[in-house]
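Here the structure comes first, spelled out in structure tokens, and everything after it is commentary.
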Amino acid sequence: MTLRLHDTATRDVRDFVPLEAGKAGIYVCGLTVQSEPHVGHVRSAVNFDVLRRWLTVSGYDVRFIRNVTDIDDKILAKGEAQGRPWFEIAYRMGRELDKALDAINVLPPTYEPAATGHIPEILELIAQLVARGHAYPAEDGSGDVYFDVRSWPAYGELTRQKVDDMEPEETVADPLVMARKRDPRDFALWKGWKKALEPETAAWPSPYGPGRPGWHIECSAMAAKYLGPAFDIHGGGVDLRFPHHENELAQSRAAGQQFAAYWLHNAWITTAGEKMSKSLGNSLLIPNVLERVRGIELRYYMVSAHYRSHVEFSFEALDEAAKSFRRIESFLDRVPPVVEEVAQRPSRNRLPGAFIAAMDDDLGTPAAIAVIHDTVREGNRILGAGESADAVAASVRAMLDVLGLDPADPAWGSSEAAADGKLSAAVDALVAGLLEERERARADKDWARADAIRDRIAGAGIAVEDTPDGPKWTLAASVEEGS
RNA sequence: GGUGGGUUGGCCGAGAGGCGAGGCAACGGACUGCAAAUCCGUGUACACGGGUUCAAAUCCCGUACCCACCUCCA
């Protein structure tokens, strides 16, 4: 069986056939770095990180490009509002995003190109489109350059929309802008510098006068630069299908490129039935969510739904997911730590067949997780029978690793782990004394006293379990109340 | 108006013609001094109304409600 993926362009699930055997080129639209990352923002990153890992495990040499849009109207407006340079805003938010993605073990892309670093490539592409008659500079001296939608009959092919069916634009359009366009649906490739409103740092020289790139063109230019005129997979959130991806496709094809062979789109994560707009407040920002659950638990929550399924975010569901994950972890804790060298990414053939089948079926992570739970149960059963479950644990870890969820992966914050280590050594020394006392009481069958000691330890947030090897303590996995 | 998607048991969340994914919660049982953890067991859920079929949560027709995109958006 081979990997099958859902392609938005054809609207079906079909075999993934790479353009070049053994290689996979992926371009994912990253974020416009204009505000702090929230739960919604990182879902896309997690979903495509899973795709990337699965392709890698399946033997592909993956080139994974995720761009960052570091200039747009909102970034400029924000800089203006804060009295700071726009590039400072973009850079700072970019770093926030990196931190958030690190916290949930999203691997860095092969390369992360930024729009402002590719002005020459963008201008070259625009020049090609103008030369081919698919783009034109506005004639009103604004310096804008537009893509000529009517010159490209295939326009709308990705989302199967006809230009004439699209929403009447009169409602939104600025008449001044409308006047520059041959068709209201034409979109900007290059935006002329508005001297009165925009800083000089936001303008680059061009044959059409100073200005900056439009939103869509950057992705076409950067995808071509790093992946070539034809590449395998283009990804992003569903909202990007139109207009962004539709426009990218039109630009690149009109310039004579084949562009992406597969289009993948992840669904939204919403709250209270609404999408997470920036106005919803801070509770869903990544650092805040990570005060409630660990990064690995947040990631588990995201991976436990299929990437094309809409998720209604709730802290209750997040807590449930965290508990579910701890079940897996506690099994892993029951077996001796694997001593093997830094676990190199497992190969497909080391994974259970049901897991492979689930992942190959359009990245069926929910079913894949079900296989993990089944395996965990089997492992617990074996341990209960007093036998070694090392092999089972290794299998569980291999599966978790594919999903970026191996608790032993050093990517899960080594500095924190070191601090935790010291702390737990200190706590262990203190708790050990109490536990000895309790063991004496138990030996005397003084249950009241034994339980009193256990209650006291529990009061400090530490749970005690009696195992065949004696008492063990763990931090009680209680979940904080409220949000 | 155009385009696409959704409605599954107390909750989350898969599946997409026949065998009850998985998790959380709950209830029984085993184990335990009692617990915890673990294991075993317990649910006749698929928005509504028709239809096709030996067989429908899954296919078809209709209805209701919800959502997304067509404007910046993961």
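These numbers were taken from a predicted model, which means no experiment stands behind them.
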* How far, in whole Å, is B:A64 from B:G49 if one measures between their P atoms? -> 15 Å
Identify the pairs formed between an N or O of the protein and an N or O of nucleotides 30-34 of chain B at a distance under 3.5 Å, and give each distance.
from: B:G33; atom 1: N7; to: A:Arg442; atom 2: NH2; distance (Å): 3.3
from: B:G33; atom 1: O6; to: A:Arg438; atom 2: NH2; distance (Å): 3.4
from: B:G33; atom 1: O6; to: A:Arg442; atom 2: NE; distance (Å): 3.4
from: B:G33; atom 1: N1; to: A:Asp451; atom 2: OD1; distance (Å): 3.0
from: B:G33; atom 1: N2; to: A:Asp451; atom 2: OD2; distance (Å): 2.8
from: B:C34; atom 1: O2; to: A:Arg454; atom 2: NH2; distance (Å): 2.7
from: B:C34; atom 1: N3; to: A:Arg454; atom 2: NH1; distance (Å): 3.1
from: B:C34; atom 1: N3; to: A:Arg454; atom 2: NH2; distance (Å): 3.4
from: B:C34; atom 1: N4; to: A:Asp466; atom 2: OD2; distance (Å): 3.0

* Asked: Taking CG from A:Asp319 and P from B:G10, how many angstroms apart are they, rounded to a whole number?
  -> 21 Å
* Give the nucleotide from the list B:C12, B:G4, B:A14 with an atom nearest to the side chain of A:Ala317. => B:C12
* Grab the stems for RNA chain B, please: at least three consecutive Watson-Crick or wobble pairs, both distances below 3.5 Å, written as range with range. => B:1-7 with B:64-70, B:10-12 with B:22-24, B:26-30 with B:38-42, B:47-51 with B:59-63
Between protein and nucleic acid, restricted to nucleotides 26-28 of chain B and to nitrogen or oxygen atoms under 3.5 Å apart, what atom pairs and distances do you find?
none

* **A:Ser309 side chain near B:A14 phosphate (N/O to OP1/OP2, under 4.0 Å)** => yes
* Provide, to the nearest angstrom, the distance between the CG atom belonging to A:Leu318 and the C1' atom belonging to B:C11. => 14 Å
* Asked: Is A:Leu240 touching bases, backbone alone, or none of the nucleic acid, heavy atoms closer than 4.0 Å?
  -> sugar-phosphate
* Taking atom CD of A:Glu246 and atom CH2 of A:Trp263, what is their separation to the nearest 0.5 Å? -> 8.5 Å
* To the side chain of A:Asn380, which of B:C39, B:C70, B:A74 is closest? -> B:C39
* Asked: Is the shortest side-chain N/O distance from A:Arg377 to OP1 or OP2 of B:G23 below 4.0 Å?
  -> yes
* **Residues that A:Asp455 engages under salt bridge (charged side-chain N to carboxylate O under 4.0 Å, His left out), provided they are two or more places apart** => none
* Give, ordered by number, those residues of residues 294-301 of chain A having at least one heavy-atom distance below 4.0 Å to an atom of RNA chain B; if nothing qualifies, reply none. => none
* **Nucleotide nearest A:Pro366 when distance is taken to its side chain, options B:A68, B:A14, B:G23** => B:A14
* Asked: What about A:Phe64 and A:Phe48, are their ring centers closer than 6.0 Å?
  -> no
* Would you call the rings of A:His245 and A:His265 parallel, tilted or perpendicular, where under 30° means parallel and over 60° means perpendicular? -> tilted
* Asked: So, does the side chain of A:Lys323 form a donor-acceptor pair with the base of B:C24 at under 3.5 Å?
  -> no
* When the distance from CG of A:Asp164 to P of B:C70 is rounded to whole Å, what number comes out? -> 19 Å
* **Closest nucleotide among B:A68, B:G22, B:C24 to the A:Val238 side chain** => B:A68
* With respect to the side chain of A:Ala370, which nucleotide from B:A74, B:C39, B:A21 is positioned closest? -> B:A21
* Asked: Any chance the rings of A:Trp268 and A:His310 have centres within less than 6.0 Å?
  -> no
* What residues, two or more places apart in sequence or in another chain, satisfy ring-ring contact (aromatic ring centres under 6.0 Å, His included) together with A:Tyr307? -> none
* Asked: Are the side chain of A:Asp186 and the backbone of A:Asp183 linked by a donor-acceptor contact shorter than 3.5 Å?
  -> yes
* Structure fact -> Side-chain contact check for A:Pro243: nearest option of B:G4, B:C70, B:C39 is B:C70
* About how many Å separate CZ of A:Phe187 and CD of A:Gln251, when rounded to the nearest 0.5 Å? -> 4.5 Å
